[in-house]
Amino acid sequence: MSCDELELSPTLQQALGDQDVFSRVMALGGEVFRDVRGRKTIRVQLAGQPYFIKQHFGVGWGEIFKNLLAFKVPVVSAITEKRAIEKLGEIGIATTPLAGFGSCGCNPASRQSFLITKDLGDILSLETLADQWLLSPPEPSFKRHLLLEVASLAARLHDSGLNHRDFYICHICLDLPQLRQGNIHLYLIDLHRVGIRETIRPQDRMKDMAALYFSAMNAGLAPRDYLRFLRRYRGKPIRQVIHEERDFWRQVQSRAIKLYVKLHKVAPELRQLGSIIA
């Protein structure tokens with residue numbers, strides 16, 4: 001199958017050859033991590049190294065119209081994630097290194113594409129870490145340091161005009177070899193829905209922060225932790241943040257609670273942000 005665009009690292013060029021590369025990649029099988037309509041994520045070994053491949057087989061007009069009617073931007077190919085990886089590299093946020101990309105077809109409903117990224121190796125999602133904290137609370141100094149690093153990552157993302165659209169703590173990961181050396185190095189992953197603009201829209205920022213807050217509700221954070229986060233995220237004194245942005249953070253909390261109730265069927269115990277933005 002001829003391609004409109006094909007990019008491969010030198011290592012993958014040697015491993016895959018130069019004959020019908022696109023069809024070969026789209027036909028590859030491996031350990032399946034996600035398999036939804038029109039898209040599959042697999043882990044494979046190429047040239048003796050582990051890679052993740054996201055294969056996009058075409059979403060169909062029905063999915064496109066469903067998203068448009070819901071005022072959502074439909075994701076029709078791997079190009080969204082490719083651009084997000086490149087943009088994160090420009091602004092200094094670590095993510096899965098890009099190793100290959102291919103796209104075929106002009107029709108958005110039937111366009112096929114793939115994205116190949118290097119396996120990050122020994123990493124731990126913050127969701128898994130938070131689950132561990134329920135049984136074994138972390139050292140206060142480590143929790144503070146990690147919280148500030150997440151706040152800095154979120155600020156850099158949003159202040160650069162990007163919104164993740166799935167900004168849950170499961171998509172922020174720790175590099176464990178670095179952690180064993182006493183360093184906190186974070187990766188932001190799962191970028192297939194990232195929005196890129198000159199300036200982030202307030203609604204997009206709100207949705208991202210609500211997703212982050214919702215996904216951290218069971219991590220055992222205290223009011224002081226949220227204050228530290230807000231101060232680092234907004235880069236100004238906390239009194240100024242609350243005075244200027246009280247309505248915004250009320251929207252964040254309201255949406256986060258709705259997400260929590262939808263998932264858990266019970267309301268969260270709000271001993272955290274409530275006292276701050278009341």
Side-chain angles (χ1 to χ4, degrees), residues 67 70-73 84 88 91 93 125-127 129-131 133-134 143-173 186 188-278:
N67 279 268
F71 302 101
K72 296 179 180 179
V73 178
L88 289 189
I91 65 176
I93 294 179
S125 80
L126 297 193
E127 180 181 55
L129 182 68
D131 289 342
W133 286 359
L134 295 176
K143 182 175 71 169
R144 287 195 296 269
H145 188 186
L146 178 59
L147 192 74
L148 293 178
E149 289 297 320
V150 173
S152 295
L153 183 153
R156 181 171 295 181
L157 181 78
H158 292 157
D159 292 348
S160 300
L162 281 69
N163 61 298
H164 190 277
R165 295 177 70 190
D166 283 310
F167 201 42
Y168 306 108
I169 59 173
C170 62
H171 294 147
I172 304 174
C173 299
L186 297 176
L188 182 61
I189 64 171
D190 215 357
L191 310 176
H192 75 280
R193 300 179 68 228
V194 168
I196 302 175
R197 297 176 179 84
E198 288 295 322
T199 304
I200 189 172
R201 299 179 301 194
Q203 186 74 356
D204 292 331
R205 184 190 292 268
M206 186 276 292
K207 289 180 179 179
D208 262 12
M209 296 313 296
L212 188 68
Y213 177 36
F214 147 72
S215 61
M217 279 182 170
N218 290 335
L221 300 179
R224 186 173 296 177
D225 296 319
Y226 288 92
L227 290 173
R228 289 193 182 100
F229 181 94
L230 290 180
R231 184 168 58 240
R232 173 62 65 86
Y233 173 68
R234 298 306 287 149
K236 49 191 175 183
I238 192 62
R239 289 187 178 181
Q240 184 179 353
V241 174
I242 299 305
H243 175 72
E244 295 176 352
E245 304 177 9
R246 188 184 303 272
D247 288 343
F248 173 83
W249 292 106
R250 281 175 173 165
Q251 291 179 53
V252 168
Q253 178 170 283
S254 176
R255 183 176 177 87
I257 292 172
K258 291 177 182 177
L259 290 170
Y260 191 97
V261 171
K262 182 178 180 180
L263 178 65
H264 298 285
K265 310 304 180 186
V266 295
E269 296 183 11
L270 285 178
R271 60 183 183 83
Q272 310 110 329
L273 205 56
S275 61
I276 299 170
I277 65 171

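These numbers were taken from a predicted model, which means no experiment stands behind them. Atom set for the values below is all heavy atoms of this structure, side chains included, hydrogens, waters and symmetry mates excluded.
Between Arg250 and Asp247, at least one side-chain N (NZ, or NE/NH1/NH2) sits under 4.0 Å from a carboxylate O, which counts as a salt bridge.
Residues Leu212 and Ser215 approach most closely at O-OG, 3.0 Å, considering heavy atoms. Here the closest non-hydrogen pair linking Ala267 and Val261 is CA-CG2, 3.8 Å. Closest heavy-atom contact between Ile200 and Leu162: CD1-O, 3.4 Å.
Distance NZ/Lys143 to CZ/Arg228: 8.0 Å, rounded to 0.5 Å. For the atom pair SG of Cys170 and CG of Leu126, the computed distance is 9.5 Å after rounding to the nearest 0.5 Å. Distance CG/Leu221 to CG/Leu227: 11.5 Å, rounded to 0.5 Å. Between Tyr213 atom OH and Trp249 atom CH2 the span is 10.5 Å, to the nearest 0.5 Å. Between atom CE of residue Met217 and atom CD1 of residue Ile169 there is a gap of 11.5 Å, rounded to the nearest 0.5 Å.
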Item checked: Intermediate values then yes/no, side chain to side chain contact (heavy atoms under 4.5 Å, CB included), Gln253 and Ile257 -> CA-CA 6 Å; Gln253 178 170 283; Ile257 292 172; 3.8 Å; yes
Next item on the list: Apply side chain to side chain contact (heavy atoms under 4.5 Å, CB included) to Asp190 and Tyr168, showing your working.
Entry: CA-CA 10 Å; Asp190 215 357; Tyr168 306 108; over 6 Å; no
Next item on the list: Could you give me the CA-CA distance, side-chain angles and deciding distance for Asp166 and His171, then say whether side chain to side chain donor-acceptor pair (under 3.5 Å) is met?
Entry: CA-CA 8 Å; Asp166 283 310; His171 294 147; 5.5 Å; no
Item checked: CA sep, side-chain torsions, deciding dist, call: Leu186, Ile93, side chain to side chain contact (heavy atoms under 4.5 Å, CB included) -> CA-CA 8 Å; Leu186 297 176; Ile93 294 179; over 6 Å; no
Next item on the list: Run the numbers on Ile242 and Leu230 for side chain to side chain contact (heavy atoms under 4.5 Å, CB included), then give the verdict.
Entry: CA-CA 9 Å; Ile242 299 305; Leu230 290 180; 4.3 Å; yes
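Lys258 has its side chain out of reach of Phe214: every pair of non-hydrogen atoms, C-beta onward, lies at least 4.5 Å apart. Taking 4.5 Å as the limit, some side-chain heavy atom of Leu146 sits within range of a side-chain heavy atom of Leu129.
Remark: the backbone N or O of Ile189 is paired with a side-chain donor or acceptor of His164 at under 3.5 angstrom. A donor-acceptor contact shorter than 3.5 Å links the side chain of Arg165 to the backbone of Arg193. Between the side chain of Asp208 and the backbone N or O of Arg205, no donor-acceptor pair lies under 3.5 Å.
Within 6.0 Å of NZ in Lys236 there are more than 12 heavy atoms belonging to other residues, nucleotides or ligands.
Residues passing the side-chain hydrogen bond (donor to acceptor under 3.5 Å, both in side chains) test with Tyr260 are Asn218, sequence neighbours excluded. Every side-chain hydrogen bond (donor to acceptor under 3.5 Å, both in side chains) that Asp204 has, sequence neighbours left out, goes to Arg197, Arg201. For His158, the ring-ring contact (aromatic ring centres under 6.0 Å, His included) criterion is met by Phe167, Tyr233, not counting sequence neighbours.
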